[in-house]
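In what follows, chains are A, B, ... by sequence order, proteins preceding strands, each numbered from 1.
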Amino acid sequence: GDSVTQMEGPVTLSEEACLTINCTYTATGYPSLFWYVQYPGEGLQLLLKATKADDKGSNKGFEATYRKETTSFHLEKGSVQVSDSAVYFCASHSGAGSYQLTFGKGTKLSVIP
Amino acid sequence: GAGVSQSPSNKVTEKGKDVELRCDPISGHTALYWYRQSLGQGLEFLIYFQGNSAPDKSGLPSDRFSAERTGGSVSTLTIQRTQQEDSAVYLCASSPLHSSNQPQHFGDGTRLSIL
């Protein structure tokens with residue numbers, strides 16, 4: 001079955017530092033890939049998505065590029081803010097008779113002033 | 001517009017009791033999903049509805065868990081004879097239709113605590 005592996009946290013960064021959260025996947029065929037974010041006390045929100053190889057998803061200064069050759073979808077941001085403190089989940093959805101999103105275990109990011 | 005609404009937001013109950021969790025999806029969304037988020041297991045898929053039918057119940061962990069959806073809208077997840085390992089946050093999501101490139105929109109979840 002599908003699986004998603006993302007770097008374990010927690011990750012603590014100073015404000016304005018660069019962020020990379022690694023995510024790799026195994027899936028049947030060519031899945032769609034997503035990053036979701038969960039702010040403290042809130043539900044999951046879609047951050048960005050990419051549905052085919054070489055697509056780049058972007059939102060709120062975050063970016064991730066769908067790399068088929070390395071089966072990766074790493075999340076990046078050039079300059080983090082305190083308000084980016086949250087748990088980030090990488091997810092895949094392969095279709096092909098599968099109805100579920102397959103999630104990584106989440107990476108907790110804390111940004112300190 | 002209104003997002004996915006779940007109730008109650010928190011539920012504390014004694015072991016052995018039955019609980020019912022409710023999900024009201026975004027209006028017009030035909031696909032509805034239930035997930036469970038727990039510390040040890042991360043996010044686990046439970047069940048998927050297309051309209052009122054459930055083509056995929058593969059994630060339900062035991063026969064104590066059941067779900068239904070009526071009128072193609074509101075869904076309820078029922079856990080009978082609750083056990084302490086059922087303690088988790090239960091998340092509901094919906095999407096306009098089921099497709100691998102459609103994002104799922106999540107509610108804030110119901111935090112279930114079994115004493």
Check for me, please, whether I79(B) and V89(B) land in the same ILVMFWY cluster - side-chain distances under 4.5 Å, paths through other members count.
no
State yes or no: do V87(A) and F34(A) share one hydrophobic cluster built from I, L, V, M, F, W and Y residues joined by side-chain heavy-atom distances below 4.5 Å, directly or via other members?
yes
More than 12 heavy atoms of other groups within 6.0 Å of E85(B) CD
yes
Is it the case that one hydrophobic cluster holds both V12(B) and L21(B), taking links as side-chain heavy atoms less than 4.5 Å apart, direct or via other members?
no
CD of Q102(B) to OG1 of T51(A): how many Å apart, nearest 0.5 Å?
10.5 Å
Proximity breakdown for L46(A) and chain B, heavy-atom pairs closer than 4.5 Å:
side chain
Close side-chain approach of E42(A) and F106(B), heavy atoms under 4.5 Å:
no
What residues of residues 55-66 of chain A make heavy-atom contacts with chain B at a cutoff under 4.5 angstrom?
none
Does atom CG (L39(B)) have a neighbourhood of more than 12 heavy atoms from anything else shown, all under 6.0 Å?
no
Neighbour count >12 (heavy atoms, 6.0 Å) for atom OH, Y30(A):
no
Report whether V37(A) and V11(A) are members of the same hydrophobic cluster (ILVMFWY, side-chain heavy atoms less than 4.5 Å apart, transitive linking).
yes
Does Q100(A) form a side chain to side chain donor-acceptor pair (under 3.5 Å) with E44(B)? I'd like the steps, not just the answer.
CA-CA 9 Å; Q100(A) 61 181 283; E44(B) 305 170 275; over 6 Å; no
Look at atom CD of E14(B) and say whether more than 12 heavy atoms of other residues, nucleotides or ligands are closer to it than 6.0 Å.
no
Which of A93(B), G42(B), G109(B), P103(B) touches chain A most, by non-hydrogen pairs under 4.5 Å
P103(B)
Is any side-chain heavy atom of L101(A) closer than 4.5 Å to one of F45(B)?
no
Just wondering, are more than 12 heavy atoms of other shown residues or ligands nearer than 6.0 Å to CD in Q83(B)?
yes
What about I26(B) and L77(B), same hydrophobic cluster or not, with Ile/Leu/Val/Met/Phe/Trp/Tyr joined at side-chain heavy-atom distances under 4.5 Å?
no
Hey, are the side chains of Y35(B) and L44(A) touching, using non-hydrogen atoms and a 4.5 Å cut-off?
no
Within residues 103-113 of chain A, which positions have a heavy-atom distance to chain B below 4.5 Å?
F103(A), K105(A)
Between Q45(A) and chain B, which part of the residue has a heavy atom less than 4.5 Å away: side chain, backbone, both or neither?
neither
Interface check, chain A: of L43(B), V4(B), D108(B), most non-hydrogen pairs under 4.5 Å belong to L43(B)
Could you check whether any side-chain heavy atom of H93(A) comes within less than 4.5 Å of a side-chain heavy atom of Q104(B), counting everything from C-beta outward?
yes
